[in-house]
Novice: 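Sending over a structure as C-alpha coordinates; questions will come in a sec.
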Protein chains: 2
Amino acid sequence: MKKLVRKTKQREVIYNELCKLTSHPTADELFMIVKDKLPRVSLGTIYRNLEIMSEEGIVKKIEICGKMKRFDGNTSDHLHVKCIKCGKIEDIFLDNFDYINNFITNFVKDKTAFKIMGCDIQMSGLCSDCRNDALSFN
Amino acid sequence: MKKLVRKTKQREVIYNELCKLTSHPTADELFMIVKDKLPRVSLGTIYRNLEIMSEEGIVKKIEICGKMKRFDGNTSDHLHVKCIKCGKIEDIFLDNFDYINNFITNFVKDKTAFKIMGCDIQMSGLCSDCRNDALSFN
DNA sequence: TTTTGTGCAAACTGTTTGCATTAAG
DNA sequence: CTTAATGCAAACAGTTTGCACAAAA
(Lines give C-alpha, C1' and ligand atoms only; values in the text may rest on other atoms or scores of the structure.)
Protein backbone atom coordinates (compact mmCIF):
# COMPACT_ATOMS: atom_id res chain seq x y z
CA MET A 1 0.00 0.00 0.00
CA LYS A 2 0.92 3.60 -0.52
CA LYS A 3 3.25 4.91 2.07
CA LEU A 4 2.68 8.00 4.07
CA VAL A 5 4.08 11.27 2.83
CA ARG A 6 5.13 13.47 5.70
CA LYS A 7 5.16 17.21 6.07
CA THR A 8 8.65 18.45 6.57
CA LYS A 9 10.18 21.88 6.74
CA GLN A 10 12.25 21.18 3.64
CA ARG A 11 9.30 19.95 1.63
CA GLU A 12 7.30 22.99 2.57
CA VAL A 13 10.00 25.49 1.69
CA ILE A 14 10.79 23.77 -1.60
CA TYR A 15 7.14 23.79 -2.52
CA ASN A 16 6.58 27.41 -1.52
CA GLU A 17 9.63 28.70 -3.32
CA LEU A 18 8.72 26.77 -6.44
CA CYS A 19 5.23 28.22 -6.40
CA LYS A 20 6.58 31.75 -6.12
CA LEU A 21 8.50 31.36 -9.35
CA THR A 22 7.18 31.44 -12.85
CA SER A 23 10.58 30.61 -14.23
CA HIS A 24 10.31 26.81 -14.27
CA PRO A 25 13.55 26.28 -12.45
CA THR A 26 15.82 23.31 -12.64
CA ALA A 27 16.50 21.37 -9.47
CA ASP A 28 19.76 23.18 -9.14
CA GLU A 29 18.30 26.65 -9.49
CA LEU A 30 15.73 25.83 -6.86
CA PHE A 31 18.44 24.45 -4.65
CA MET A 32 20.19 27.84 -4.64
CA ILE A 33 17.00 29.59 -3.69
CA VAL A 34 16.00 27.15 -0.99
CA LYS A 35 19.47 27.34 0.50
CA ASP A 36 18.83 30.96 1.45
CA LYS A 37 16.09 29.80 3.78
CA LEU A 38 17.52 26.46 4.80
CA PRO A 39 21.29 26.74 4.57
CA ARG A 40 21.84 23.06 5.24
CA VAL A 41 19.57 21.51 2.59
CA SER A 42 21.18 19.20 0.14
CA LEU A 43 20.59 18.91 -3.55
CA GLY A 44 19.49 15.33 -3.04
CA THR A 45 16.63 16.55 -0.89
CA ILE A 46 15.52 18.89 -3.64
CA TYR A 47 15.49 16.06 -6.16
CA ARG A 48 13.74 13.64 -3.86
CA ASN A 49 11.06 16.15 -2.97
CA LEU A 50 10.39 17.35 -6.48
CA GLU A 51 10.01 13.76 -7.51
CA ILE A 52 7.65 12.95 -4.67
CA MET A 53 5.59 16.07 -5.15
CA SER A 54 5.23 15.47 -8.84
CA GLU A 55 3.97 11.97 -8.07
CA GLU A 56 1.53 13.55 -5.66
CA GLY A 57 0.45 15.86 -8.44
CA ILE A 58 1.08 19.11 -6.63
CA VAL A 59 4.05 19.98 -8.81
CA LYS A 60 4.51 19.46 -12.49
CA LYS A 61 7.55 18.04 -14.22
CA ILE A 62 7.99 19.82 -17.52
CA GLU A 63 8.57 17.58 -20.47
CA ILE A 64 10.42 19.92 -22.75
CA CYS A 65 13.85 18.61 -22.41
CA GLY A 66 16.90 20.57 -22.78
CA LYS A 67 19.35 18.86 -20.64
CA MET A 68 17.90 19.39 -17.23
CA LYS A 69 14.54 18.58 -15.82
CA ARG A 70 12.42 21.58 -15.05
CA PHE A 71 9.61 21.95 -12.59
CA ASP A 72 6.53 24.08 -12.33
CA GLY A 73 4.57 24.82 -9.19
CA ASN A 74 1.53 25.74 -11.22
CA THR A 75 -0.35 22.58 -12.09
CA SER A 76 -3.24 24.33 -13.74
CA ASP A 77 -3.61 23.90 -17.45
CA HIS A 78 -1.37 26.07 -19.48
CA LEU A 79 1.21 25.52 -22.12
CA HIS A 80 4.85 26.42 -22.53
CA VAL A 81 6.95 28.12 -25.15
CA LYS A 82 10.63 27.45 -25.21
CA CYS A 83 13.14 29.75 -26.83
CA ILE A 84 15.19 27.79 -29.34
CA LYS A 85 18.10 30.07 -28.75
CA CYS A 86 18.45 30.65 -25.04
CA GLY A 87 16.27 27.86 -23.71
CA LYS A 88 14.04 30.11 -21.63
CA ILE A 89 10.58 28.69 -20.95
CA GLU A 90 7.52 30.88 -20.62
CA ASP A 91 3.91 30.13 -19.73
CA ILE A 92 0.99 30.75 -22.01
CA PHE A 93 -2.46 30.77 -20.49
CA LEU A 94 -5.39 30.34 -22.81
CA ASP A 95 -9.03 30.76 -21.92
CA ASN A 96 -9.98 27.95 -24.20
CA PHE A 97 -7.28 25.55 -23.21
CA ASP A 98 -9.73 22.75 -22.50
CA TYR A 99 -11.37 23.23 -25.81
CA ILE A 100 -8.08 22.88 -27.67
CA ASN A 101 -7.18 19.94 -25.55
CA ASN A 102 -10.36 18.07 -26.32
CA PHE A 103 -10.13 19.02 -29.94
CA ILE A 104 -6.77 17.30 -30.25
CA THR A 105 -7.61 14.36 -28.05
CA ASN A 106 -10.63 13.63 -30.20
CA PHE A 107 -8.61 13.49 -33.35
CA VAL A 108 -5.96 11.36 -31.78
CA LYS A 109 -7.88 8.76 -29.89
CA ASP A 110 -9.12 6.97 -32.97
CA LYS A 111 -5.66 6.65 -34.37
CA THR A 112 -3.96 4.72 -31.64
CA ALA A 113 -4.27 1.77 -29.32
CA PHE A 114 -3.04 3.92 -26.45
CA LYS A 115 -5.47 5.00 -23.82
CA ILE A 116 -4.97 8.74 -24.09
CA MET A 117 -4.70 10.47 -20.75
CA GLY A 118 -3.08 13.78 -21.35
CA CYS A 119 -1.99 16.26 -23.90
CA ASP A 120 1.05 18.45 -23.62
CA ILE A 121 1.57 21.21 -26.09
CA GLN A 122 4.93 22.85 -26.42
CA MET A 123 5.54 25.76 -28.67
CA SER A 124 8.98 26.79 -29.72
CA GLY A 125 10.22 30.07 -31.04
CA LEU A 126 12.32 33.08 -30.22
CA CYS A 127 11.86 35.05 -27.04
CA SER A 128 11.80 38.82 -27.16
CA ASP A 129 15.41 39.12 -26.06
CA CYS A 130 16.68 36.74 -28.68
CA ARG A 131 14.61 38.04 -31.54
CA ASN A 132 16.08 41.48 -30.97
CA ASP A 133 19.55 40.12 -30.93
CA ALA A 134 20.03 40.38 -34.67
CA LEU A 135 23.62 39.31 -34.73
CA SER A 136 22.85 35.89 -33.37
CA PHE A 137 21.54 34.50 -36.62
CA ASN A 138 24.08 34.44 -39.35
CA MET B 1 30.28 30.67 -42.71
CA LYS B 2 28.72 27.27 -42.44
CA LYS B 3 31.17 24.47 -42.58
CA LEU B 4 30.99 21.57 -44.95
CA VAL B 5 29.21 18.43 -43.85
CA ARG B 6 30.78 15.37 -45.41
CA LYS B 7 29.28 12.10 -46.44
CA THR B 8 30.82 9.33 -44.47
CA LYS B 9 30.09 5.64 -44.22
CA GLN B 10 29.19 6.03 -40.55
CA ARG B 11 26.84 8.90 -41.17
CA GLU B 12 25.10 7.01 -43.91
CA VAL B 13 24.62 3.84 -41.90
CA ILE B 14 23.42 5.72 -38.85
CA TYR B 15 20.93 7.60 -40.94
CA ASN B 16 19.68 4.54 -42.80
CA GLU B 17 19.26 2.46 -39.70
CA LEU B 18 17.45 5.26 -37.92
CA CYS B 19 15.06 5.64 -40.85
CA LYS B 20 14.27 1.93 -40.81
CA LEU B 21 13.06 2.15 -37.25
CA THR B 22 9.81 3.53 -35.99
CA SER B 23 10.87 2.98 -32.42
CA HIS B 24 12.50 6.37 -31.77
CA PRO B 25 15.67 4.87 -30.43
CA THR B 26 18.06 6.40 -27.96
CA ALA B 27 21.63 6.99 -29.09
CA ASP B 28 22.62 3.86 -27.29
CA GLU B 29 20.02 1.66 -28.90
CA LEU B 30 21.04 2.92 -32.30
CA PHE B 31 24.66 2.31 -31.42
CA MET B 32 23.94 -1.39 -30.88
CA ILE B 33 22.23 -1.63 -34.23
CA VAL B 34 24.86 0.28 -36.16
CA LYS B 35 27.58 -1.84 -34.59
CA ASP B 36 26.26 -4.85 -36.47
CA LYS B 37 27.16 -3.14 -39.71
CA LEU B 38 30.18 -1.19 -38.58
CA PRO B 39 31.73 -3.11 -35.71
CA ARG B 40 34.22 -0.37 -34.92
CA VAL B 41 31.89 2.62 -34.56
CA SER B 42 31.97 4.44 -31.31
CA LEU B 43 29.14 5.81 -29.30
CA GLY B 44 30.65 9.28 -29.65
CA THR B 45 30.22 9.04 -33.40
CA ILE B 46 26.57 8.19 -32.98
CA TYR B 47 26.04 11.20 -30.77
CA ARG B 48 27.98 13.54 -33.00
CA ASN B 49 26.12 12.42 -36.08
CA LEU B 50 22.66 12.54 -34.59
CA GLU B 51 23.41 16.03 -33.41
CA ILE B 52 24.69 17.15 -36.80
CA MET B 53 21.85 15.53 -38.68
CA SER B 54 19.27 17.10 -36.44
CA GLU B 55 20.87 20.48 -37.09
CA GLU B 56 20.68 19.69 -40.79
CA GLY B 57 17.03 18.88 -40.30
CA ILE B 58 17.13 15.38 -41.71
CA VAL B 59 16.61 13.78 -38.32
CA LYS B 60 14.40 14.88 -35.50
CA LYS B 61 15.30 15.11 -31.85
CA ILE B 62 12.27 14.17 -29.82
CA GLU B 63 11.45 16.52 -27.02
CA ILE B 64 9.62 14.20 -24.69
CA CYS B 65 12.16 13.72 -22.07
CA GLY B 66 12.51 10.74 -20.03
CA LYS B 67 16.08 10.45 -19.21
CA MET B 68 17.59 9.88 -22.60
CA LYS B 69 17.36 11.80 -25.82
CA ARG B 70 15.44 10.03 -28.53
CA PHE B 71 15.67 10.45 -32.25
CA ASP B 72 13.32 10.00 -35.16
CA GLY B 73 14.30 9.51 -38.76
CA ASN B 74 10.89 10.65 -39.90
CA THR B 75 10.85 14.42 -40.03
CA SER B 76 7.38 14.68 -41.51
CA ASP B 77 4.70 16.13 -39.32
CA HIS B 78 3.30 13.75 -36.84
CA LEU B 79 2.89 13.63 -33.13
CA HIS B 80 3.96 11.28 -30.41
CA VAL B 81 2.27 9.46 -27.56
CA LYS B 82 4.35 8.32 -24.67
CA CYS B 83 3.33 5.55 -22.33
CA ILE B 84 3.41 6.85 -18.79
CA LYS B 85 4.20 3.40 -17.53
CA CYS B 86 6.83 1.88 -19.78
CA GLY B 87 8.05 4.98 -21.60
CA LYS B 88 7.41 3.62 -25.08
CA ILE B 89 6.86 6.28 -27.73
CA GLU B 90 4.57 5.77 -30.70
CA ASP B 91 3.79 7.89 -33.74
CA ILE B 92 0.40 9.27 -34.56
CA PHE B 93 -0.20 10.49 -38.07
CA LEU B 94 -3.12 12.80 -38.62
CA ASP B 95 -4.45 13.94 -41.97
CA ASN B 96 -5.24 17.33 -40.58
CA PHE B 97 -2.07 17.87 -38.68
CA ASP B 98 -1.44 21.24 -40.29
CA TYR B 99 -4.90 22.37 -39.49
CA ILE B 100 -4.49 21.54 -35.82
CA ASN B 101 -1.11 23.15 -35.82
CA ASN B 102 -2.37 26.41 -37.24
CA PHE B 103 -5.33 26.31 -34.97
CA ILE B 104 -3.13 26.27 -31.91
CA THR B 105 -0.55 28.66 -33.25
CA ASN B 106 -3.25 31.21 -33.92
CA PHE B 107 -4.52 31.08 -30.39
CA VAL B 108 -1.08 31.31 -28.95
CA LYS B 109 0.60 34.01 -30.96
CA ASP B 110 -1.46 36.83 -29.48
CA LYS B 111 -0.62 35.79 -25.97
CA THR B 112 3.12 36.00 -26.03
CA ALA B 113 6.05 38.12 -27.05
CA PHE B 114 7.75 35.06 -28.50
CA LYS B 115 7.98 34.69 -32.22
CA ILE B 116 6.28 31.33 -32.54
CA MET B 117 8.07 28.96 -34.86
CA GLY B 118 6.86 25.52 -34.07
CA CYS B 119 4.35 23.45 -32.22
CA ASP B 120 5.05 20.10 -30.66
CA ILE B 121 2.19 18.08 -29.34
CA GLN B 122 2.81 15.19 -27.05
CA MET B 123 0.10 12.94 -25.81
CA SER B 124 0.53 10.69 -22.88
CA GLY B 125 -1.34 7.62 -21.86
CA LEU B 126 -1.12 3.87 -21.53
CA CYS B 127 0.06 1.68 -24.35
CA SER B 128 -1.83 -1.49 -25.18
CA ASP B 129 0.62 -3.68 -23.30
CA CYS B 130 0.44 -1.65 -20.16
CA ARG B 131 -3.29 -1.12 -20.15
CA ASN B 132 -3.77 -4.88 -20.22
CA ASP B 133 -1.39 -5.38 -17.40
CA ALA B 134 -4.01 -5.02 -14.72
CA LEU B 135 -1.77 -5.73 -11.78
CA SER B 136 0.39 -2.75 -12.47
CA PHE B 137 -2.00 -0.20 -11.06
CA ASN B 138 -2.88 -0.71 -7.48
C1' DT C 1 8.52 3.49 18.80
C1' DT C 2 8.15 3.04 14.02
C1' DT C 3 8.84 4.78 9.68
C1' DT C 4 9.91 8.49 6.66
C1' DG C 5 13.04 12.15 5.48
C1' DT C 6 17.62 14.39 5.66
C1' DG C 7 22.58 15.59 4.68
C1' DC C 8 26.47 14.00 2.85
C1' DA C 9 29.37 11.77 -0.27
C1' DA C 10 30.01 8.42 -3.42
C1' DA C 11 28.17 6.12 -7.43
C1' DC C 12 25.84 6.14 -11.74
C1' DT C 13 24.31 7.27 -16.39
C1' DG C 14 23.94 9.63 -20.47
C1' DT C 15 26.53 12.87 -23.08
C1' DT C 16 30.44 15.58 -24.51
C1' DT C 17 35.27 16.45 -25.45
C1' DG C 18 40.43 16.25 -26.45
C1' DC C 19 43.51 14.06 -29.11
C1' DA C 20 45.98 11.43 -32.44
C1' DT C 21 44.70 9.27 -36.69
C1' DT C 22 42.00 8.51 -40.92
C1' DA C 23 39.28 9.79 -44.76
C1' DA C 24 36.58 13.11 -47.74
C1' DG C 25 36.73 16.63 -50.86
C1' DC D 1 46.75 19.41 -49.17
C1' DT D 2 43.19 20.94 -46.16
C1' DT D 3 39.57 20.29 -43.28
C1' DA D 4 36.10 17.33 -41.27
C1' DA D 5 35.13 12.97 -39.08
C1' DT D 6 36.47 8.92 -36.43
C1' DG D 7 37.69 5.85 -32.39
C1' DC D 8 39.01 5.83 -28.04
C1' DA D 9 39.22 7.10 -23.41
C1' DA D 10 38.81 10.39 -20.14
C1' DA D 11 35.97 14.16 -18.41
C1' DC D 12 31.61 16.12 -17.40
C1' DA D 13 26.96 17.20 -15.70
C1' DG D 14 22.82 16.07 -13.84
C1' DT D 15 20.69 12.74 -11.08
C1' DT D 16 20.30 8.93 -7.92
C1' DT D 17 21.56 6.17 -3.98
C1' DG D 18 23.45 4.09 0.50
C1' DC D 19 24.05 5.10 4.94
C1' DA D 20 23.95 6.90 9.61
C1' DC D 21 21.38 10.17 11.94
C1' DA D 22 17.20 13.25 12.78
C1' DA D 23 12.38 14.28 12.75
C1' DA D 24 7.46 13.25 12.10
C1' DA D 25 3.58 10.62 13.29
Side-chain angles (χ1 to χ4, degrees), chain A residues 1-18 23-56 58-72 82 87 89, chain B residues 1-18 23-56 58-72 82 87 89:
Chain A
M1 73 208 137
K2 190 169 179 310
K3 75 177 175 180
L4 169 64
V5 176
R6 293 182 174 163
K7 290 198 179 97
T8 64
K9 193 75 205 154
Q10 291 84 337
R11 193 111 79 206
E12 191 188 338
V13 174
I14 291 168
Y15 178 70
N16 287 337
E17 294 304 315
L18 178 58
S23 63
H24 314 90
T26 61
D28 203 72
E29 287 163 356
L30 198 50
F31 174 54
M32 301 304 186
I33 292 164
V34 171
K35 228 173 14 186
D36 283 347
K37 309 235 159 164
L38 302 172
R40 295 182 52 76
V41 261
S42 72
L43 187 51
T45 296
I46 307 286
Y47 276 109
R48 275 183 290 230
N49 277 300
L50 289 171
E51 209 51 50
I52 287 168
M53 292 190 289
S54 80
E55 279 161 21
E56 296 290 305
I58 63 170
V59 146
K60 196 166 186 269
K61 228 188 289 186
I62 300 184
E63 298 275 309
I64 310 179
C65 44
K67 188 165 207 145
M68 298 183 265
K69 291 181 183 170
R70 288 180 174 274
F71 297 87
D72 189 343
K82 181 179 173 190
I89 296 176
Chain B
M1 74 206 136
K2 191 171 179 309
K3 76 175 175 180
L4 169 65
V5 177
R6 291 182 176 164
K7 289 199 179 98
T8 64
K9 193 75 207 153
Q10 290 86 336
R11 192 112 78 208
E12 192 189 339
V13 174
I14 291 168
Y15 178 69
N16 288 337
E17 293 305 314
L18 177 58
S23 62
H24 314 90
T26 61
D28 203 71
E29 286 163 357
L30 198 49
F31 174 54
M32 300 306 186
I33 292 164
V34 171
K35 230 179 4 192
D36 284 346
K37 310 234 159 168
L38 302 172
R40 296 181 53 76
V41 260
S42 73
L43 187 52
T45 296
I46 306 287
Y47 275 110
R48 276 184 289 230
N49 277 298
L50 289 172
E51 209 51 49
I52 287 168
M53 291 190 290
S54 80
E55 279 162 20
E56 297 289 305
I58 64 171
V59 146
K60 196 166 186 268
K61 228 187 290 185
I62 299 184
E63 298 275 311
I64 310 178
C65 45
K67 188 169 206 143
M68 295 183 266
K69 289 181 183 169
R70 288 180 175 271
F71 297 87
D72 190 343
K82 181 180 175 190
I89 296 175

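Proteins get letters first, then strands, A, B, ... in listed order; numbering begins at 1 in each. Because the structure is a prediction, the values reported are computed rather than measured.
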Novice: Under a 4.0 Å threshold between the charged nitrogen and the carboxylate oxygen, would B:Glu17 count as salt-bridged to B:Lys37?
Specialist: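 Salt bridge present between B:Lys37 and B:Glu17.
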Novice: Which residue is it: B:Leu18, B:Val34, B:Thr8? I am looking for the one with a side-chain contact (heavy atoms from CB on, under 4.5 Å) to B:Val13.
Specialist: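 Single side-chain contact (heavy atoms from CB on, under 4.5 Å) partner of B:Val13 among B:Leu18, B:Val34, B:Thr8: B:Val34.
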Novice: Along nucleotides 18-25 of chain C, 5' to 3', which nucleotides get a B, which get an S, and which get a -, given that the test is a protein heavy-atom distance under 4.0 Å?
Specialist: B----BBS
Novice: Over how many whole Å does the gap from A:Met53 atom CE to C:dG5 atom P extend?
Specialist: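 It is 12 Å, rounded to the nearest whole Å.
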Novice: Counting side-chain heavy atoms from CB outward, which of D:dG7, D:dA4, C:dC8 is closest to B:Lys3?
Specialist: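 Minimum distance to the B:Lys3 side chain belongs to D:dA4.
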Novice: Nearest whole Å is fine: how far is D:dG14 C1' from A:Phe71 CZ?
Specialist: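 About 11 Å, once rounded to whole Å.
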Novice: Is there a side-chain contact between B:Lys61 and B:Phe71, using heavy atoms and a 4.5 Å cut-off?
Specialist: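 B:Lys61 vs B:Phe71: side chains touch.
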Novice: Between B:Glu12 (side chain) and B:Lys9 (backbone), is there a donor-acceptor pair under 3.5 Å?
Specialist: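 Absent.
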Novice: Write down the distance between CD1 (A:Ile52) and C1' (D:dT17), rounded to a whole number of angstrom.
Specialist: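 Roughly 14 Å, once rounded to whole Å.
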Novice: Could you tell me how far apart A:Leu30 (CG) and D:dG14 (C1') are, to the nearest whole angstrom?
Specialist: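 Interatomic distance, CG of A:Leu30 to C1' of D:dG14: 15 Å.
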Novice: Nearest 0.5 angstrom please: B:Asn49 CG to B:Glu56 CD, how far?
Specialist: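 Going from CG on B:Asn49 over to CD on B:Glu56, the span is 11.0 Å.
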Novice: May I have the distance from A:Arg11 (atom CZ) to D:dA23 (atom P), rounded to whole angstrom?
Specialist: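 It is 15 Å, rounded to the nearest whole Å.
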Novice: Under 4.0 Å: is that the gap between some side-chain N or O of A:Thr45 and OP1 or OP2 of C:dG7?
Specialist: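 Answer yes for this pair, as a side-chain N or O of A:Thr45 is under 4.0 Å from OP1 or OP2.
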Novice: Starting at the 5' end of DNA chain D, which residue's closest nucleotide do you reach first, B:Asn49 or A:Ala27?
Specialist: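 It is B:Asn49, whose closest nucleotide lies nearer the 5' terminus.
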Novice: To the nearest Å, give me how far apart CD (A:Glu29) and C1' (D:dA13) are.
Specialist: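 Taking CD of A:Glu29 and C1' of D:dA13, I get 14 Å after rounding.
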Novice: With respect to the phosphate group of C:dG7, does any side-chain polar atom (N or O) of A:Gln10 fall under 4.0 Å of OP1 or OP2?
Specialist: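 For C:dG7, OP1 or OP2 has a side-chain N or O of A:Gln10 closer than 4.0 Å.
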Novice: How many Å lie between CG on B:Leu50 and P on D:dT6, as a whole number?
Specialist: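 Atom CG in B:Leu50 sits about 11 Å away from atom P in D:dT6.
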Novice: Look up atom CD1 in A:Ile52 and atom CD1 in A:Ile14, then write down how far apart they are to the nearest 0.5 Å.
Specialist: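 Rounded to the nearest 0.5 Å, the CD1-CD1 separation comes out at 9.5 Å.
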Novice: Name the residue closer to the 5' end of DNA chain C, choosing between B:Leu43 and A:Ile14 according to the nucleotide with the nearest heavy atom.
Specialist: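 Its nearest nucleotide being more 5', the pick is A:Ile14.
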Novice: Just the rounded figure in Å: distance from P of C:dT13 to CZ of B:Arg70.
Specialist: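 So the two atoms are 17 Å apart, to the nearest Å.
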Novice: Can you find a heavy atom in the side chain of A:Ile46 that is under 4.5 Å from one in the side chain of A:Asp28?
Specialist: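 Of all side-chain heavy-atom pairs linking A:Asp28 with A:Ile46, none is under 4.5 Å.
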